[in-house]
Amino acid sequence: MDHLRSILENEAPHLLEKRSTKPRKEGLTELTNATQGEVVLRFAPNPNGPLSFGHARGLVINNTYREMYDGVFILRFDDTDTKVKPPMLEAYEQIVEEATWLTGRAPDRVVIASDRLEHYYKHAEQMLENGFGYVCRCSADAFREHRQAKTNCPCRDQSPSDNLTLWKGMLKGAYKPGDAVVRVKTEMDLKNPALRDWPALRIQDTKAHPHPRPEVGSTYDVWPLLDFQSAVEDHLQGVTHIVRGKDLMDSTRKQTLLYEHFGWKYPETLYWGRVKVHEWGGFSTSQMRKDIEAGRYDGWNDPRLPTLSALKDRGIQAKALEQFWLELGITQKDISVPLATLYAHNTKAVDDDAPRLSFVRNAVAFKLEGEHPTEVKVPVHPNHQTMGWRTWKFSENAVWLEADDIEKMDVRLKEFADVELHDNEARITSIERHHSHPVIHWLPASHASEGILLETKNNQIQRISGQLEHHTHEAGTIVQLERIGYARVMDDGSLMVCHETTDEP
RNA sequence: GCUCGUAUAGUGUAGUGGCCCAUCAUAAAGGACUCUCAUUCCUUUGACCCGGGUUCAAAUCCCGGUACGAGCACCA
């Protein structure tokens with residue numbers, strides 16, 4: 001082999017040159033059967049809480065396809081469970097706002113499932129009339145045995161008119177939750193047990209568990225299950241492509257069977273795998289809700305929580321989230337990603353516009369000794385002088401230094417002077433930079449006030465007090481604290497570290 | 001248990017039989033620039049789960065194994 005190579009090197013070196021590599025695919029993979037301008041996509045969260053980090057994937061991917069194909073993006077609230085995962089009234093509005101923030105535009109259409117029960121009823125009736133659905137009065141346990149044994153349950157052979165009568169009974173409240181359910185007829189010997197005569201609508205006690213939307217409240221007792229509601233709604237809205245988690249694969253199969261009964265064409269479907277974040281592990285809206293109610297967290301935008309609002313409050317940009325999710329793309333692999341990747345995107349999104357600011361943690365006062373100018377000018381941003389200058393005038397010779405820095409004897413006060421430190425005195429040895437002393441950040445007492453820096457570390461919120469440079473940045477501005485990192489100015493004037501760090505276990 | 005799905009550097013990802021001694025990002029290490037431990041730039045390290053088969057040719061196709069994940073709810 002080596003011999004051959006040496007021959008080639010002499011005789012035909014061009015054969016050894018690396019050929020140019022295939023261009024790397026840009027953006028998301030093409031959708032199958034997609035026509036420009038005719039793609040309809042939807043993202044359907046349960047409004048049982050505000051959006052979390054994981055939801056951002058659905059929003060970003062669907063919205064990106066919408067842009068690629070000049071299509072329609074529907075935000076749909078699948079709020080058909082009032083007991084196990086009850087919707088939260090405030091979440092409806094918040095989710096629309098968060099989706100708009102993340103994608104940079106409002107959804108083309110907002111659909112609320114609980115507004116559309118009549119449509120689902122109508123299709124349930126069609127199903128019963130045409131004999132591909134039936135009202136089943138078996139208990140869940142009894143049916144489970146039929147499912148396992150591949151045997152028909154006694155209700156399966158009822159005539160359409162019997163089914164319709166029973167259905168009217170369901171609507172009138174003749175049955176309690178669990179006593180009757182509408183099933184879609186498939187085959188009881190299908191290979192996948194999950195698909196066998198799956199349930200489409202059930203009864204919920206909305207007196208005990210009213211729907212939180214006042215216009216719905218306790219009006220209805222018969223509610224569709226996700227597989228049915230989603231399938232019918234996708235058809236009604238003309239959805240052409242569905243991108244969703246692979247946990248819903250069986251749902252697709254169930255729904256395809258239903259579509260065949262109705263004679264509809266099922267949308268093209270793409271799946272992604274499960275995503276975990278190293279720092280958070282798994283997370284669920286229901287669990288977060290419990291923890292908040294138990295007082296373990298301080299509301300939905302507690303910085304320790306992986307909600308979109310918490311991320312936003314910490315200064316994570318919509319652009320960074322978008323880049324992050326697009327980079328992961330759509331694979332069915334279950335993955336675990338570090339937050340560092342998100343932070344890298346966020347740094348890129350934020351750095352150019354982040355004014356520099358000095359924050360001296362655990363500040364220690366020093367007296368300045370020696371000749372020096374009466375003011376110092378430091379740039380707002382070292383790479384963009386157009387952003388202006390910060391001017392610090394000395395009204396007294398007092399400066400603040402960080403506790404961790406004062407162990408060093410000789411330091412360079414950034415942009416100012418070389419000093420020697422001892423006994424809370426900082427003696428100026430030179431204004432020009434003569435030595436390679438470590439450069440530290442600092443503040444003149446006349447330009448600093450008490451400040452608080454908030455940082456989440458190891459799932460704890462830490463409040464670090466110190467001296468903060470005077471500034472006029474509005475709440476919401478992302479600044480860079482010199483030698484510390486990016487932080488967001490909060491409403492109360494404190495600063496929140498954007499990119500949390502975790503100690504190695 | 002049954003059903004379905006997935007396996008490429010530490011983490012993600014590109015790759016659809018020959019442009020592959022495998023792409024890009026991120027992380028790590030080193031360096032340049034810099035009056036920040038920032039930004040920017042450069043360099044280096046580092047991977048096709050295992051075993052068979054098909055083929056002139058396999059990361060790519062087929063079979064088997066293994067690992068991981070999901071579904072088997074009158075949740076979404």
Side-chain angles (χ1 to χ4, degrees), chain A residues 1 5 16 18-26 29 44-48 77-87 113 136 138-141 143-144 147-148 177-183 190-196 198-204 223 225-227 229-230 245-254 271 273-276 278 284-286 323-324 327-329 331-338 340-345 347-348 350-352 354 356 358 378-379 381-384 412-418 432-433 436-441 480-486:
Chain A
M1 184 69 202
R5 182 175 290 262
L16 284 175
K18 257 194 176 173
R19 288 155 221 155
S20 61
T21 47
K22 210 180 269 184
R24 188 187 160 82
K25 189 195 75 192
E26 287 295 325
T29 50
N46 179 354
N48 62 340
F77 292 107
D78 281 352
D79 57 344
T80 55
D81 181 272
T82 63
K83 190 181 172 188
V84 183
K85 293 180 179 174
C136 174
C138 301
S139 70
D141 286 340
F143 191 83
R144 186 172 305 127
R147 178 168 49 220
Q148 273 163 14
D179 287 351
V181 57
V182 177
R183 292 188 181 282
L190 286 174
K191 270 177 80 181
N192 189 343
L195 312 185
R196 297 171 194 157
W198 54 273
L201 300 100
R202 77 340 192 152
I203 295 163
Q204 295 192 95
W223 285 82
L225 275 324
L226 171 84
D227 294 318
Q229 178 269 127
S230 176
K246 70 172 184 181
D247 51 314
L248 263 11
M249 264 178 176
D250 282 350
S251 191
T252 298
R253 294 182 184 106
K254 288 183 199 172
Y271 305 95
R274 219 180 52 160
V275 176
K276 271 190 193 169
H278 289 341
S284 80
T285 306
S286 313
Q323 294 294 321
F324 176 87
E327 196 172 272
L328 296 196
T331 58
Q332 292 188 29
K333 222 160 90 174
D334 301 307
I335 54 176
S336 181
V337 291
T341 315
L342 175 65
Y343 295 156
H345 286 298
T347 295
K348 289 185 179 75
V350 130
D351 186 75
D352 264 349
R356 270 44 177 176
S358 189
V378 291
H381 194 300
N383 306 341
H384 303 290
R412 170 74 182 174
L413 301 187
K414 192 170 180 295
E415 313 268 3
F416 176 51
D418 287 354
E432 294 303 310
R433 189 177 183 191
S436 54
H437 296 157
V439 177
I440 66 168
H441 66 293
Q480 190 204 65
L481 302 179
E482 288 175 340
R483 297 213 302 144
I484 298 173
Y486 302 99

Exercise. So, A:T80 versus A:Q229: side-chain donor-acceptor pair below 3.5 Å or not?
Worked result: no
For this session: Ignoring the backbone of A:N383, work out which of B:rA38, B:rC4, B:rA70 is nearest its side chain.
Result: B:rA38
For this session: Between B:rC72, B:rC4, B:rA38, spot the one nearest the side chain of A:P193, thanks.
Result: B:rC72
Problem set entry | Minimum-distance nucleotide (side-chain atoms of A:K246 versus B:rG5, B:rU3, B:rC75) | B:rG5
Seminar exercise, completed: Out of B:rC75, B:rU36, B:rU39, minimum distance to the side chain of A:D351 belongs to B:rU39
Problem set entry | P-based separation of B:rU45 from B:rA25 [nearest Å] | 16 Å
Exercise. Looking for any heavy atom pair under 4.0 Å, which part of the strands does A:T80 touch: base, sugar-phosphate only, or nothing?
Worked result: sugar-phosphate
Exercise. The side chain of A:Q480 lies closest to which of these nucleotides: B:rU26, B:rA38, B:rC75?
Worked result: B:rA38
Exercise. Expressed in whole Å, how much space separates the P atoms belonging to B:rC21 and B:rC48?
Worked result: 14 Å
Exercise. When the nearest nucleotide of RNA chain B is assigned to A:K191 and to A:T341 on a heavy-atom basis, which residue is associated with the more 5' position?
Worked result: A:K191
For this session: Report yes if a donor N or O on one partner sits less than 3.5 Å from an acceptor N or O on the other, where the partners are the side chain of A:K414 and the base of B:rC35; otherwise report no.
Result: no
Exercise. Expressed in angstrom and rounded to an integer, what is the separation of A:Y271 atom OH from B:rA70 atom P?
Worked result: 17 Å
Exercise. In whole angstroms, how far is the P atom of B:rU6 from the CG atom of A:D247?
Worked result: 15 Å
Exercise. If you measure from NZ on A:K254 to CG on A:L225, what distance do you get to the nearest 0.5 Å?
Worked result: 8.0 Å
Exercise. So what does A:S286 hit on the nucleic acid, given a heavy-atom distance under 4.0 Å: a base, only sugar-phosphate, or nothing?
Worked result: nothing
Exercise. When you compare B:rG69 with B:rU26, how far apart are their P atoms, in angstrom units rounded to a whole number?
Worked result: 29 Å
For this session: Using a heavy-atom cut-off of under 4.0 Å over every strand shown, decide if A:S139 touches base, sugar-phosphate, or nothing.
Result: base
For this session: Please determine, for the side chain of A:Q332, which listed nucleotide (B:rA70, B:rG5, B:rA38) has the closest atom?
Result: B:rG5
For this session: Give A:K83 one of three labels, base, sugar-phosphate or nothing, depending on what nucleic acid heavy atoms sit under 4.0 Å from its own.
Result: nothing
Seminar exercise, completed: Whole-Å distance, A:Q323 CD to B:rC24 C1', equals 13 Å
Exercise. Short question: side chain of A:H437, backbone of A:L413 - any donor-acceptor pair under 3.5 Å?
Worked result: no
For this session: Could you tell me whether the side chain of A:R433 has a donor or acceptor atom within less than 3.5 Å of a complementary atom in the base of B:rC35?
Result: no
Exercise. Taking atom C1' of B:rA28 as reference, at what distance in whole Å does atom NE2 of A:H278 sit?
Worked result: 14 Å
Exercise. A:L328 CG to B:rU13 P: how many Å, rounded?
Worked result: 6 Å
Exercise. Which part of the nucleic acid does A:P382 contact within heavy-atom distance under 4.0 Å: base, sugar-phosphate only, or nothing?
Worked result: base
Exercise. Salt bridge check: are A:R202 and A:D81 linked by an N-O gap of less than 4.0 Å?
Worked result: yes
Seminar exercise, completed: Picking from B:rU36, B:rU6, B:rU13, the nucleotide nearest the side-chain atoms of A:T331 would be B:rU13
Problem set entry | Interatomic distance at P, B:rC41 relative to B:rA59, whole Å | 34 Å
Seminar exercise, completed: Between A:K254 and A:D334, the residue closer to the 5' end of RNA chain B by nearest nucleotide is A:D334
For this session: Any strand is fair game: report the nucleotide pairing with B:rU66 by Watson-Crick or G-U wobble, both distances under 3.5 Å, or none.
Result: B:rA7
For this session: Please state whether the phosphate of B:rC35, meaning OP1 or OP2, lies under 4.0 angstrom from any side-chain nitrogen or oxygen of A:R412.
Result: no
For this session: Starting from P on B:rG12, measure out to CD1 on A:I335 and report it in whole angstrom.
Result: 6 Å
Problem set entry | Pairing nucleotide - B:rG17, Watson-Crick or G-U, each distance under 3.5 Å | none
For this session: Could you check which of B:rU3, B:rC74, B:rU36 has an atom nearest any side-chain atom of A:R183?
Result: B:rC74
For this session: Assess whether one donor atom and one acceptor atom, taken from the side chain of A:E327 and the base of B:rU26, lie less than 3.5 Å apart.
Result: no
Exercise. CG/A:D352 to NE2/A:H384 distance, rounded to the nearest 0.5 angstrom?
Worked result: 3.5 Å
For this session: Determine which nucleotide pairs with B:rG71, using a 3.5 Å limit on both distances of a Watson-Crick or G-U wobble pair.
Result: B:rC2
Problem set entry | Given B:rA7, B:rU11, B:rC75, the nucleotide with the shortest approach to the side chain of A:K333 | B:rA7
Exercise. With a 4.0 Å cut-off on heavy atoms, is A:A140 in touch with a base, just the backbone sugar-phosphate, or nothing at all?
Worked result: base
Exercise. When rounded to the nearest Å, what value does the distance between C1' atoms of B:rA29 and B:rG71 take?
Worked result: 44 Å
Exercise. If you take atom types as modelled and just measure distance, does the side chain of A:R356 reach the base of B:rA38 with a donor-acceptor pair under 3.5 Å?
Worked result: yes
For this session: Classify the nucleic acid contact of A:I440 as base, sugar-phosphate or nothing, counting any heavy atom under 4.0 Å across all strands shown.
Result: nothing
Seminar exercise, completed: Among the nucleotides B:rA38, B:rA73, B:rC74, whichever has the atom closest to the side chain of A:R147 is B:rA73
Exercise. At under 4.0 Å between heavy atoms, what does A:Y486 touch on the DNA or RNA strands: base, sugar-phosphate, or nothing?
Worked result: sugar-phosphate
For this session: May I ask which nucleotide in the shown strands pairs with B:rC61, Watson-Crick or G-U wobble, both distances under 3.5 Å?
Result: B:rG53
Exercise. Checking all strands, does A:G178 fall into the base, sugar-phosphate, or nothing category for heavy-atom contacts under 4.0 angstrom?
Worked result: base
Exercise. With both distances under 3.5 Å as the test, what is the Watson-Crick or G-U wobble partner of B:rA32?
Worked result: B:rU40
